[in-house]
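Because only heavy atoms are used, hydrogens play no part in the values below, and waters and symmetry mates are left out as well, while side chains stay in. Order of listing sets the numbers, starting from 1, for every ligand and every atom in it.
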Amino acid sequence: MQESVISIKNLSIAYSIREGWVKSVENVSIEFPKGKNTAVIGESGCGKSTIANSIIGILAYNSKISAESQIIFDGKNVLKASKEEQRNFRWKKASMVFQAAQNALNPTVKIGEQLADSMIDHGVSNKSEISKKIEELLNLVKLDATRVLNSYPHELSGGQRQRVIIAMSMVLDPELIILDEPTTALDMITQTYIFDILLDIHKKRNLSMILITHDLTAAVKLADKIVVMYGGKVMESGSTEEMFDNPQHPYTEGLLGAMPFIDGTVVKKKSIPGSPPDLVNRPKGCIFNSRCYLVEDRCKTEEPLLRDIGDRQIACHFRGE
Ligand SMILES: Nc1ncnc2c1ncn2[C@@H]1O[C@H](COP(=O)(O)OP(=O)(O)OP(=O)(O)O)[C@@H](O)[C@H]1O
Ligand code: SF4
Ligand SMILES: [Mg+2]
């Protein structure tokens, strides 16, 4: 069996709001293979960022993680680790590029200084080590180090700023980088360029990456494994090739069918009717039942378990037999 860089087991996360608890992630288990890229895909609000934030330990103040939840790294549950161990894990072992992170750079501080500060904050004090590392990382994200180091964020394009953020996520040589919608708000050509750079970094450094994205084309291009989420649950997971060639879960079928792609001269495009489920009063049975074209009575009362079928996992009563 493939070794995992990180394993999530029985993870449940809810947020407190006036109307009750938003059960955003419900009993999710995912293995992220070591040295591979895993894409987590699914519609807006299905819990992707919540999972990423829980790994890195930055969930919102109104969140609650269930007692059974585990996030295992190096044989330890980071949710139960000491503050010191958690600090060591977060950023040194695993780092994150946030949704729309390019806007988070400090507009009044030059890029070189911001990159150096992110190393100094984590205890690196040797000046020549810092300079060497920064130059190496800027080259890795295909930026002209001499120019960029002395620039303020507003002097760079959105795509260049996002590449600075990607470089920043690597200053402590993490084993795992989580990228939460790393190309949101960038044009298509820049998005493609950044995904090419990420693929190049992955190959050169043998890094594990978790890519959270709506961009199915990017997921297919970058990821070895795809995890499909819906309503805070995993619907299906498997190798990118298998998932794309033979989607089994009706939601995956719809999601990949909604992906515009060119096959010779044919452009295929479908959509999934209906809207995402209420996460405060979660429906009984299968969370996808109100939108599923295969729905039967059983789906409205009995929740399908996520079953292992070879290297695949599927949560549907009628698929993956
Ligand atoms: N701090 C919060 N308080 C209350 N509800 C929240 C909070 N953060 C997230 N949620 C809710 O939890 C659910 C999952 O949110 P999350 O941000 O994880 O989704 P997502 O899959 O990342 O969506 P997107 O693709 O739009 O980024 C959503 O219903 C969202 O409204
Ligand atoms: S369990 Fe039923 S509702 Fe859910 S995906 Fe399968 S067929 Fe559709
Ligand atoms: Mg998100």
Between the side chains of R319 and E253, is the shortest nitrogen-to-carboxylate-oxygen separation below 4.0 Å, so that they form an ion pair? yes
Examine the side chains of Q313 and D308 and answer whether a donor and an acceptor come within less than 3.5 Å of each other. yes
Which bit of H249 gets closer than 4.0 Å to ligand 2, counting heavy atoms only: side chain, backbone, both or neither? side chain
Please classify the L279 to ligand 1 contact at 4.0 Å (heavy-atom distances, strictly less than): side chain, backbone, both or neither. side chain
Give the residue, atom name and distance (to 0.1 Å) of the protein heavy atom nearest atom 23 (O) of ligand 1. G45 N, 2.8 Å
Relative to the heavy atoms of A60, which atoms of ligand 1 are at a distance of less than 4.0 Å? 1 (N)
Does only the side chain of C46 get under 4.0 Å from ligand 1, or the backbone, or both, or neither? Count heavy atoms. both
Please find out if the Mg ion (ligand 3) and some N, O or S atom of S49 are separated by less than 2.8 Å. yes
Taking atom 11 (C) of ligand 1 as the reference point, report whether a protein heavy atom occurs under 4.0 Å from it. yes
Would you mind running through ligand 1 and noting each atom that sits below 4.0 Å from a heavy atom of S49? 17 (O), 18 (O), 20 (P), 22 (O), 27 (O)
Show the atoms of ligand 1 that are less than 4.0 angstrom away from any heavy atom in G47. 14 (C), 18 (O), 19 (O), 20 (P), 21 (O)
From the candidates W21, Y15, Y230, Y61, the one that places a heavy atom nearest atom 5 (N) of ligand 1: Y15
So, are R282 and E303 salt-bridged, with charged N and O less than 4.0 Å apart? no
So for D180 against ligand 1, with non-hydrogen atoms under 4.0 Å, the contacting part is neither
Output yes when E136 and R205 qualify as a salt bridge under the 4.0 Å nitrogen-oxygen rule, no when they do not. yes
Closest to atom 2 (Fe) of ligand 2 among protein heavy atoms sits C299 SG, 2.3 Å
In ligand 1, which numbered atoms sit nearer than 4.0 Å to a non-hydrogen atom of H214? 25 (O)
Could you check whether atom 31 (O) of ligand 1 has a protein contact, counting only heavy atoms that fall below 4.0 angstrom? no
Around atom 27 (O) of ligand 1, find the nearest protein heavy atom and jot down its residue, atom name and distance. Q99 NE2, 3.0 Å
Quick look: M229 vs ligand 1, heavy-atom contacts under 4.0 Å, and the answer is neither
Atom 7 (S) of ligand 2: nearest protein contact (heavy atom, Å): F318 CD1, 3.5 Å
Close-contact set for ligand 1 against I17 heavy atoms, below 4.0 Å: 4 (C)
Taking heavy atoms and a distance under 4.0 Å, where does P304 meet ligand 2: side chain, backbone, both or neither? side chain
Using a 4.0 Å cut-off to any heavy atom of T50, which atoms of ligand 1 qualify? 14 (C), 15 (O), 16 (P), 18 (O)
